[in-house]
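Structure first, commentary second.
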Amino acid sequence: MSQIIESAQAEAIEELTPLLGRRKACQAAGVPQANWYRKNRQGPAPTRPVTPRKPHPSALSQAERDHVRTVLNERFADASPATVYFSLLDEGVYLASTSTMYLDFGHSGDLEIVAMPRLGTDIETGSERLVKHGP
C-alpha cells in the first residue's frame with residue numbers, strides 16, 4: 001500500500017515540478033523536500049569524516065597505564081581488582097580505581113577476567129579474578 005502511495009507522490013512531483021518548482025511540488029504532494037532529494041540523489045551518499053575519539057581528561061596516560069600494568073603483573077598476577085585496590089590502599093598507594101583496572105587491563109589482552117563459581121555461602125564475596133596471559 002505504501003509503495004502505491006509513494007509512486008503516486010513521486011509521479012505527482014514529477015508532473016508539478018515544471019509548473020511550480022520542486023519545493024512547491026513536494027509541498028503539494030505531501031512529501032518533505034529533503035526526503036525527495038534523499039531518495040533521488042544523483043551521486044553516492046556523502047561520507048562522514050572519521051574523527052578520532054579524544055581521550056577523557058581524567059584518563060590515565062600511557063606511562064601511568066604502563067606503571068599500573070607492571071605492578072599488576074609483578075605483585076598481583078592472580079588477584080581480583082578489588083583485592084589489588086584495597087591491598088595497595090593499605091600500603092598508602094593509589095594507582096587506579098577498580099573499574100579502571102577492569103576496563104583498561106581486562107580488555108587489553110594481558111589479563112583475562114574469569115568468573116569463579118560460587119561453591120558455598122562461607123566463601124569470600126569476590127567472584128572474579130584476573131588471570132595473567134602475557135609477560
Side-chain angles (χ1 to χ4, degrees):
M1 181 65 127
S2 66
Q3 291 177 349
I4 297 169
I5 294 172
E6 287 179 14
S7 65
Q9 287 174 332
E11 200 174 301
I13 290 171
E14 291 303 319
E15 289 178 16
L16 293 173
T17 297
L19 303 172
L20 304 174
R22 181 79 60 205
R23 178 175 298 208
K24 296 277 187 182
C26 288
Q27 191 176 17
V31 176
Q33 184 180 355
N35 288 5
W36 187 88
Y37 278 109
R38 195 174 301 118
K39 288 181 182 176
N40 297 299
R41 183 178 294 138
Q42 297 297 321
T47 58
R48 286 184 157 185
V50 178
T51 56
R53 292 184 67 180
K54 295 179 185 176
H56 193 273
S58 63
L60 295 177
S61 67
Q62 189 59 42
E64 292 170 328
R65 294 173 101 201
D66 291 339
H67 178 64
V68 172
R69 183 173 283 125
T70 56
V71 170
L72 286 175
N73 287 337
E74 290 173 1
R75 294 182 50 200
F76 302 102
D78 290 332
S80 70
T83 304
V84 173
Y85 178 78
F86 289 114
S87 297
L88 290 173
L89 280 184
D90 287 341
E91 298 171 9
V93 177
Y94 176 81
L95 290 179
S97 67
T98 55
S99 60
T100 301
M101 290 181 201
Y102 275 115
L103 291 174
D104 286 350
F105 307 110
H107 297 297
S108 66
D110 290 344
L111 303 171
E112 176 186 355
I113 300 171
V114 177
M116 297 187 54
R118 237 182 121 80
L119 301 175
T121 57
D122 58 346
I123 297 179
E124 295 179 23
T125 58
S127 63
E128 296 177 338
R129 64 187 171 112
L130 295 175
V131 179
K132 180 178 168 183
H133 283 296

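Index from 1, following the sequence.
The list of salt bridge (charged side-chain N to carboxylate O under 4.0 Å, His left out) pairs with a residue in residues 43-58, not counting sequence neighbours, is empty. Residue pairs satisfying the side chain to side chain donor-acceptor pair (under 3.5 Å) criterion with at least one member in residues 84-98, sequence neighbours excluded, are listed as follows: Arg75-Glu91, Ser97-Ser99, Ser97-Thr100. Sorted by first and then second residue, the side chain to side chain donor-acceptor pair (under 3.5 Å) pairs involving residues 14-24 (not counting sequence neighbours) are Thr17-Arg22, Arg23-Gln33.
For Arg38, the side-chain hydrogen bond (donor to acceptor under 3.5 Å, both in side chains) partners two or more places apart in sequence, or in a different chain, are Asn35. With sequence neighbours excluded, the residues that form a side chain to side chain contact (heavy atoms under 4.5 Å, CB included) with Ser58 are His56.
Looking at Thr83, its side chain never comes within 3.5 Å of a backbone N or O of Ala79 through a donor-acceptor pair.
Counting side-chain heavy-atom gaps under 4.5 Å among Ile, Leu, Val, Met, Phe, Trp and Tyr, the cluster of Leu16 also holds Leu19, Leu20.
Note that the NZ atom of Lys39 and the CD1 atom of Ile13 stand 9.0 Å from one another [nearest 0.5 Å]. Expressed to the nearest 0.5 Å, how far CD of Gln62 lies from CD of Glu64 amounts to 10.0 Å.
Ile5 and Val31 fall into different hydrophobic clusters, defined by Ile, Leu, Val, Met, Phe, Trp and Tyr side-chain heavy atoms under 4.5 Å apart, directly or through other members.
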Legend entry - Residues Leu95, Val93; criterion side-chain contact (heavy atoms from CB on, under 4.5 Å); working and verdict: CA-CA 6 Å; Leu95 290 179; Val93 177; 4.1 Å; yes
